[in-house]
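Take a look at the structure below.
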Amino acid sequence: MGASSEHWDRIYRERGPEGVSWHQADPARSVGLITAAAPDHDAAIVDVGGGSSRLVDRLLDLGYTNLTVVDLASLALEYARRRLGDAADRVTWVETDVTAYRLVHPVRVWHDRAVFHFLVDPDDRSRYLARAQEAVAPDGHLIVATFALDGPSMCSGLPIVRYDATSMTRAVAPWFEPVRFEEETHVTPGGAEQRFLYGDFVRTA
Ligand SMILES: C[S@@+](CC[C@H](N)C(=O)[O-])C[C@H]1O[C@@H](n2cnc3c(N)ncnc32)[C@H](O)[C@@H]1O
């Protein structure tokens, strides 16, 4: 496994939910990809390594009813729950390592922004993909955002793996096949630009 929950909790404590480098006021690209993959608002959606992301707020606003957020960092989940208030009760929150967690029901969308790229050990990637292919329903989607080849080589003091469309496709084969790719330049709260690649994959038969 990569970094500990203590590592992530410390970063969230030191920087706060809106000071972490990956913070987005509006995760619009993820929302666009998820709504295209799962137009049905009853569809089960999991945001793995969701942290304190506002993605879950946007999906609740759109009427999605079956949302799960998984993260190692208890503090990140606590920030998100506090922000949402009573609406947090409409979300399933799971504090665990996604490479070890078996979802209890199949999902239409497995979304991951900036988690898979921390898995630098091939065994960790295999475990992650085993969990994803167990969890994603037939015809369901895996939506993964990582740093692109021209993105940073480290994040939060940890090494990461950068991907292009070819290497990302290879990394999730044979369980998933590509539907589309989108690139994005994320501007951190400190003003730095980070190039991301979003891959939308469908579960193979
Ligand atoms: C770079 S942040 C991205 C957070 C969120 N996806 C977003 O876009 O705002 C990475 C997140 O993944 C979590 N994380 C890292 N490794 C994890 C693992 N093995 N299992 C679950 N969560 C993990 C961290 O606690 C952190 O919240």
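Counting starts at 1 for both ligands and their atoms, in listed order.
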For Y12, is at least one N or O under 3.5 Å away from an N or O on ligand 1? yes
Examine Y128 together with W175 and report whether their ring centres are nearer than 6.0 Å. no
Under 3.5 Å, N or O to N or O, is V98 touching ligand 1 that way? yes
Can you sort out which atoms of ligand 1 are near T96, meaning under 4.0 Å from one of its heavy atoms? 20 (N), 21 (C)
Assert yes or no for the condition that the ring centre distance of Y163 to F116 is strictly below 6.0 Å. yes
Under 3.5 Å, N or O to N or O, is G49 touching ligand 1 that way? yes
Quick one: do E6 and R10 satisfy salt bridge (charged side-chain N to carboxylate O under 4.0 Å, His left out)? Show the steps, please. CA-CA 6 Å; E6 289 77 18; R10 183 176 51 76; over 6 Å; no
Side chain to side chain donor-acceptor pair (under 3.5 Å) with T185: which of Q194, R195, E193? R195
Flag D47 as yes when one of its N or O atoms lies below 3.5 Å from any N or O atom of ligand 1, and as no otherwise. no
Can you list the ligand 1 atoms lying under 4.0 Å from a non-hydrogen atom of S53? 7 (C), 9 (O)
Run the numbers on Y101 and W110 for ring-ring contact (aromatic ring centres under 6.0 Å, His included), then give the verdict. CA-CA 13 Å; Y101 177 61; W110 172 291; 8.9 Å; no
Determine whether any heavy atom of D97 lies closer than 4.0 Å to an atom of ligand 1. yes
Let's go through E183 and Y198 carefully: what are the C-alpha distance in whole Å and the side-chain angles of both, what is the deciding distance for side chain to side chain donor-acceptor pair (under 3.5 Å) to 0.1 Å, and is it a yes or a no? CA-CA 6 Å; E183 292 182 2; Y198 287 70; over 6 Å; no
Hey, is G50 one of the residues with a heavy atom under 4.0 angstrom from ligand 1? yes
Decide whether a cation-pi geometry holds between R113 and F196; the criteria are a distance under 6.0 Å from NZ or CZ to the six-membered ring centre and an angle within 45° of the ring axis. yes
L72 to ligand 1: N or O pair under 3.5 Å? yes
Could you tell me whether A114 approaches ligand 1 through its side chain, its backbone, both or neither, with non-hydrogen atoms closer than 4.0 Å? both
